[in-house]
Amino acid sequence: MSKIPSVKGTRDFYPDQMAVRNWIMDGWRAASVRNGFVEYDGPIFEHLQLYTQKSGDEIAGQLFSLTDRGGRDLAIRPEITPTLARMVNQQINSLPRPIKWFSLPRLCRAERPQKGRLREFFQWNIDIIGSNNSEYADADCIYTAVDYLRSVGLTPDDIIVKISSRSMLAALLLGLGFDREQLDTIYVLLDKRPKLPEETFMALAEEKIPDNSLRKKLLDILDNCNDIDILVEKVPDSVQDNIEDLRVLLDLLTQLGIEPYCQFDINIVRGLAYYTGTVFEIFDRQSQLRAICGGGRYDNLLAGLGGPQITATGFGMGDVVLEILLQEKNLLSTIKNELDFFVVWDDYHTFERVGLNIVNQLRLRKYSVAFDYRRTDDALGKQLKQASNQNTKFAIIIMKDEIKANKTLIIKNMATSNQKTALLDDFLSKPDNYMSNNELNT
RNA sequence: GUGAGAGUAGCUCAGUCGGCUAGAGCACCAGGUUGUGGUCCUGGGGGUCGCGGGUUCGAGUCCCGUCUCCCACCCCA
């Protein structure tokens with residue numbers, strides 16, 4: 001028999017890694033809920049057409065597709081937004097608005113794996129559909145992303161939310177004299193600027209924008225992209241409304257208290273035809289990694305999938321880059337599988353008569369409890385070693401003579417090594433008192 | 001899809017010019033320890049040197065292919 005390896009770009013989650021994954025996803029879920037989102041999910045595969053209809057036929061080469069026994073072309077989901085659109089379209093007239101939904105889908109993309117990108121990953125998605133105020137919804141969306149990242153210990157020194165607006169950029173380019181057909185080319189050009197050396201970028205800019213004065217005007221604006229007050233003086237009148245919208249959004253984020261995390265950045269463009277308004281991406285401050293999170297407004301998506309014209313905004317945050325960053329910032333070191341209690345003994349008859357009842361009573365109260373499986377006496381050291389290996393918080397030591405003489409056992413804090421005698425009944429009636437007891441914890 | 005680097009124990013790696021039965025640390029298991037884990041000491045298990053082919057008296061070592069990992073492109077929903 002030969003050993004079969006894991007599939008390229010996939011991960012095995014051994015218990016230690018699984019603890020980290022659960023911690024990340026529990027955090028996503030908690031952040032979603034406290035920001036007023038409710039969870040949904042869909043199937044892990046869909047009709048291939050659901051994806052090609054939205055993104056074009058080229059997308060088929062980048063996803064895992066299959067033909068079922070009835071000859072249907074299917075694909076494993078590479079994103080969940082089309083599923084969301086399908087589900088929402090199906091019940092659009094009965095869902096109360098705004099629709100604030102989140103999901104934690106497992107996704108697959110047939111791309112070559114590299115740092116921060118695998119073929120199978122998890123992605124936190126939130127979407128706000130049908131809100132009647134774009135700025136409030138966009139602000140709440142960005143806030144929710146920051147709320148999570150802040151909650152796991154990332155500070156404004158670690159990450160930055162770069163915000164811009166597709167509609168503003170389009171108005172700006174048209175106002176400067178670009179043709180509508182050139183817009184996509186310029187988007188791609190701007191998107192690449194942060195990734196290229198300045199010289200390479202300038203060469204590419206000359207190639208894509210041969211008109212010297214036009215290029216100069218654009219670059220002059222780009223070079224002042226960090227200050228919206230300067231920008232506002234340099235752009236044509238036709239762009240003022242868009243800039244005002246952006247100002248409102250940035251002011252809302254300030255009022256929400258996350259200004260230190262946020263920054264206007266005109267280079268944020270986000271892919272192609274998808275987005276219609278606000279766009280944002282979150283990066284590590286050193287810009288060493290891929291984007292942690294990306295999102296924005298996409299008011300045409302539901303219509304593109306056979307639904308009504310309705311506003312929508314949202315983001316996706318993958319687990320891969322996020323975990324690399326959290327690791328680098330040493331924010332994962334305390335995450336491990338733990339046990340509340342481990343019951344040990346010096347006499348297995350006593351354990352069976354007294355200890356197993358303790359195990360049952362504690363488990364009924366939702367504590368995690370385990371014990372050693374060797375049915376022998378005088379193995380205290382080995383049992384405590386087991387307790388250590390399982391990251392036990394407290395050992396419950398049952399000594400035959402003490403239980404027999406005065407119904408006491410020993411509670412030992414494994415981290416501090418402190419231990420304390422406890423009356424059996426007293427301990428069982430309020431285990432929390434012992435878990436928070438100062439003598440044991442200091 | 002394009003290009004570079006890597007692959008030896010569960011993990012991190014050493015292994016000289018091609019030459020004896022392939023090693024270390026960590027981890028794991030057992031013992032030292034008959035009222036107590038982490039430290040320390042001793043012992044043990046664990047390897048088709050990624051896989052296949054070639055050169056050679058002889059290959060972990062050299063050559064070819066292949067797979068996987070990793071990094072940069074393309075792309076990035």
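Keep in mind that this is a model prediction, so the values were computed, not measured.
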Separation of [X] atom [atom1] from [N] atom [atom2], in whole Å?
{"X": "Glu111(A)", "N": "C75(B)", "atom1": "CD", "atom2": "P", "value": "12 Å"}
{"X": "Asp378(A)", "N": "U34(B)", "atom1": "CG", "atom2": "P", "value": "7 Å"}
{"X": "Asp191(A)", "N": "C76(B)", "atom1": "CG", "atom2": "P", "value": "8 Å"}
{"X": "Leu409(A)", "N": "U36(B)", "atom1": "CG", "atom2": "C1'", "value": "15 Å"}
{"X": "Gln62(A)", "N": "A77(B)", "atom1": "CD", "atom2": "P", "value": "10 Å"}
{"X": "Ile398(A)", "N": "U36(B)", "atom1": "CD1", "atom2": "P", "value": "16 Å"}
{"X": "Arg270(A)", "N": "C75(B)", "atom1": "CZ", "atom2": "P", "value": "15 Å"}
{"X": "Tyr14(A)", "N": "A27(B)", "atom1": "OH", "atom2": "P", "value": "19 Å"}

Given the [atom1] atoms of [N] and [M], what is the spacing between them in whole Å?
{"N": "A77(B)", "M": "G10(B)", "atom1": "C1'", "value": "38 Å"}
{"N": "A22(B)", "M": "C67(B)", "atom1": "P", "value": "31 Å"}
{"N": "G65(B)", "M": "C11(B)", "atom1": "P", "value": "28 Å"}
{"N": "G19(B)", "M": "C63(B)", "atom1": "P", "value": "15 Å"}
{"N": "C71(B)", "M": "A6(B)", "atom1": "C1'", "value": "10 Å"}
{"N": "G1(B)", "M": "U21(B)", "atom1": "P", "value": "44 Å"}
{"N": "U8(B)", "M": "U12(B)", "atom1": "C1'", "value": "12 Å"}
{"N": "G58(B)", "M": "U2(B)", "atom1": "P", "value": "37 Å"}

Under 3.5 Å on both distances, the Watson-Crick or G-U partner of [N]:
{"N": "C17(B)", "value": "none"}
{"N": "A30(B)", "value": "U42(B)"}
{"N": "U55(B)", "value": "none"}
{"N": "C69(B)", "value": "G5(B)"}
{"N": "U48(B)", "value": "none"}

Taking the six-membered ring of Phe283(A) as reference, does the NZ or CZ atom of Lys162(A) fall below 6.0 Å from its centre and within a 45° cone about the axis?
-> yes

So is Arg375(A) actually on top of Phe351(A)'s ring, under 6.0 Å and inside 45° of the axis?
-> no

Ring centres of Trp28(A) and Phe122(A) under 6.0 Å apart?
-> no

Validation row, ring centre Phe427(A) to ring centre Tyr434(A) under 6.0 Å | yes

Touch class at under 4.0 angstrom, heavy-atom based, for [X] against every strand present:
{"X": "Arg119(A)", "answer": "nothing"}
{"X": "Gly295(A)", "answer": "nothing"}
{"X": "Lys412(A)", "answer": "base"}
{"X": "Gln419(A)", "answer": "base"}
{"X": "Ala415(A)", "answer": "base"}
{"X": "Leu107(A)", "answer": "nothing"}

Does a nitrogen or oxygen in the side chain of [X] sit under 4.0 Å from OP1 or OP2 of [N]?
{"X": "Lys382(A)", "N": "A30(B)", "result": "no"}
{"X": "Gln114(A)", "N": "C71(B)", "result": "no"}
{"X": "Arg374(A)", "N": "A30(B)", "result": "yes"}

From [options], nucleotide with atom closest to [X] side chain:
{"X": "Arg112(A)", "options": "C69(B), G35(B), C71(B)", "answer": "C71(B)"}
{"X": "Ile410(A)", "options": "C29(B), G35(B), G31(B)", "answer": "G35(B)"}
{"X": "Arg109(A)", "options": "U68(B), A77(B), C74(B)", "answer": "A77(B)"}
{"X": "Arg117(A)", "options": "U36(B), A77(B), C76(B)", "answer": "C76(B)"}
{"X": "Ile59(A)", "options": "U36(B), A77(B), C29(B)", "answer": "A77(B)"}
{"X": "Lys115(A)", "options": "C76(B), C71(B), G37(B)", "answer": "C71(B)"}
{"X": "Lys8(A)", "options": "C75(B), G37(B), C69(B)", "answer": "C69(B)"}

Closest to the 5' end of RNA chain B, once Glu402(A) and Ser417(A) are matched to their nearest nucleotides, is Glu402(A)

Per nearest nucleotide of RNA chain B, the residue lying toward the 5' end, Val7(A) or Gln288(A), is Val7(A)

Side-chain donor or acceptor of Asn441(A) paired with backbone N/O of Met435(A) under 3.5 Å | yes

Is it true that a side-chain atom of Asp284(A) and a backbone atom of Gln288(A) form a donor plus acceptor pair closer than 3.5 Å?
-> yes

Test Ile310(A) against every option in Ile129(A), Asn300(A), Leu301(A) by the side-chain contact (heavy atoms from CB on, under 4.5 Å) rule and name the one that passes.
-> Ile129(A)

Donor-acceptor pair between Ser32(A) and Trp101(A) side chains, under 3.5 angstrom | no

